[in-house]
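Below is one structure, written out as C-alpha cells; comments come after it.
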Amino acid sequence: MNYPRKRILFYSVLAGLFTILLLVFIGLDSSGYQLRGTSPTTALILHQADAPIVESPSQAPIEVSSFALDKPAPSLEITPAPPLLEVTNLPAPSTVTLDTYVPAPFLAAIPSAATEVKGAVQSPTRPTPLPPKISIPVLNYHSVTIDPGNVVVISPTKLEEQLTYLHDHGYTPVTLSTFISLIEGKSVEAAPEKPVLLTFDDGYIDNYEQAMPLLAKYAFPATLFISPGTSDQEGYLNWEQIKKLQEAGWDIQPHGMTHPHLPQLSADQQAYEILEARKQIEEKLGTKADVYCYPYGEYNKTTLKLLKDHGFRYAFTIEQGFATNQQSPFLLKRLFINGEESLKSFIRKLSTHD
C-alpha cells in the first residue's frame, strides 16, 4: 500500500471515530442521561435525572460530592409588581389663607372665618358698594361785622347779598335734623331740591345782633357751634342770647368748652372739652347736642375715638368741599366763606365743589 492510500485510510478511520462519538453523545442527551461526578476521582457516572437514587441498607453510605448540576433549580417566584397608580395633575395644597391678606383683629370679627378650612383659598371679599352719592353744601361762617382785611369776618351787607342769592336761586337752608335725614338718605317730606346748611362757628355776639335778623328776613334756619366757656367773655354770646337764637330756629351744638387746640391736649383734657360742652348745652337748652365741630378744624385719633365712644353722631371739619354720605360721619366737609370774596366767587364755590 503506498503512502497516499495509507493517509486516506487513516483519515477515514478518524472520521468514523468522531462520528461514533458524536452519535453516542446525541443518544445520551436524547435518553435523559447526564454526567455526574461521584467521587473525588475523575470517574464519570451515568444516571437518569428523574429516577430516584435508592440506597440498599446493606450498602455502606457513599459520600457524594454534588456539583451545581445536582441541585434543583431554585424556584423563581415572580412577584407581580403593584399596579401603577394613575397619576393625575392634582393642584398642590394652597398656603394662602385669610391671614395672608386680612389683619388678625379684622379676621376675628368675621363670623365665618373660624369655620374656614385651613389652607383653602378664599375668594376675595367684595367691598360693600357705596350708596348713591348725596351731596349738600355746608357754608361755614364766623363773625358778621365790619373788619376790612379779615377773611373770617363778613360784613352784614355781603351776608345779605349771599342770602338773597340763595333765596332767589332755589336754595333751601335746612335745619340740622333735616340735614342729617337727607345725608342718611331717609325720606323727608317735601325734601328740597337744593338744600344747604348754614353754620356759624365760635358764638360771636354779632351772630345775634347782625346775622339773626337777616336770616329771619328769609325764614332761614342755621346751626351755631359754641364754646360755653366763652359765654361770659366780651364779644361772645351769653346764655340768654343763645336761647333767643334757639327760639329763632337756630340749632346749638358744641365747639369745645374753651375753643382749644385738641391735639395738644391729653385724652382726659380732650374728653373734658368735648363732653362738658355737650353737657352744658343740653342742660341749659334742653336739646340734644351730639354733633361736634372741631375748634380750628384740628383733631387726632384720640378725638375721633372720644366722639365715637361717647355717642356723637357727626362732626364737621374745615376741609373744603360738599358734605356727602360717602364721607366719614366724623369728617364732614364744609365750604369756608371768605369775607373778602365777591358774590361771583361765592356762586362759583356753590357750583364747583359738588
Side-chain angles (χ1 to χ4, degrees), residues 133-145 147 150-183 191-204 206-226 237 245-246 248-255 291-297 314-325 327 329-354:
K133 189 175 182 180
I134 300 173
S135 300
I136 301 176
V138 180
L139 307 186
N140 177 203
Y141 294 96
H142 289 80
S143 178
V144 184
T145 188
D147 189 6
N150 190 340
V151 296
V152 298
V153 175
I154 187 171
S155 69
T157 302
K158 279 193 173 182
L159 175 60
E160 184 170 15
E161 189 178 36
Q162 294 177 2
L163 297 177
T164 300
Y165 176 84
L166 295 175
H167 178 270
D168 294 345
H169 289 82
Y171 286 91
T172 304
V174 296
T175 63
L176 185 59
S177 61
T178 298
F179 167 83
I180 291 173
S181 295
L182 292 172
I183 211 76
E193 182 180 351
K194 298 167 69 175
V196 60
L197 182 67
L198 309 180
T199 66
F200 290 79
D201 290 3
D202 302 339
Y204 297 106
D206 53 53
N207 293 170
Y208 172 76
E209 296 173 342
Q210 303 293 336
M212 187 178 73
L214 292 174
L215 269 67
K217 179 179 178 180
Y218 298 98
F220 285 173
T223 298
L224 176 66
F225 292 106
I226 66 167
L237 296 164
L245 286 165
Q246 184 188 31
W250 290 47
D251 292 297
I252 314 300
Q253 297 293 321
H255 195 38
V291 177
Y292 197 74
C293 178
Y294 302 109
Y296 306 104
Y314 290 93
F316 287 95
T317 68
I318 58 173
E319 185 176 351
Q320 298 304 288
F322 280 29
T324 79
N325 59 334
Q327 296 165 7
F330 300 117
L331 299 173
L332 296 181
K333 298 179 180 180
R334 294 189 292 173
L335 299 173
F336 173 71
I337 302 302
N338 183 339
E340 296 292 302
E341 68 185 355
S342 65
L343 181 61
K344 182 182 289 188
S345 296
F346 174 78
I347 295 170
R348 185 166 56 248
K349 186 174 294 186
L350 285 172
S351 60
T352 59
H353 285 80
D354 194 355

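Throughout, residue positions are numbered sequentially from 1 according to the sequence presented. Owing to the predicted nature of the structure, the values given are computational and were not obtained by experimental measurement.
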Closer than 3.5 angstrom, by distance alone: can the side chain of Asn325 be matched with the main-chain N or O of Ile134 as a donor-acceptor pair?
yes

Taking all non-hydrogen atoms of both residues into account, name the closest pair between Phe322 and Ser135 and its distance.
CD2-CB, 3.9 Å

Once you round to the nearest 0.5 Å, how far does NE2 of His167 lie from OG1 of Thr172?
9.0 Å

Do side-chain atoms of Lys349 reach the backbone of Ile337 as a donor and acceptor pair under 3.5 angstrom?
no

Can you tell me how far apart OG (Ser155) and CG (Asn150) are? Round to the nearest 0.5 Å.
12.0 Å

What's the separation between atom OG1 in Thr317 and atom CG in Asn140, rounded to the nearest 0.5 Å?
9.0 Å

Step-by-step side-chain contact (heavy atoms from CB on, under 4.5 Å) determination, Ile154 to Tyr141
CA-CA 8 Å; Ile154 187 171; Tyr141 294 96; 4.1 Å; yes

What closest approach, in Å, do Phe336 and Glu341 show between heavy atoms, and which atom pair accounts for it?
O-OE2, 4.5 Å

Does Asp201 reach the main-chain N or O of Phe225 with its side chain, forming a donor-acceptor pair under 3.5 Å?
no

Check: Gln210 side chain, Pro156 main-chain N or O, donor-acceptor pair, under 3.5 Å:
no

Rounded to the nearest 0.5 Å, how far apart are CG of Leu215 and CG of Leu198?
6.0 Å

Would you tell me whether Tyr204 and Asp206 have side-chain atoms, one donor and one acceptor, within less than 3.5 Å of each other?
no

Counting C-beta onward and ignoring hydrogens, is there a side-chain heavy-atom pair between Cys293 and Thr199 closer than 4.5 Å?
no

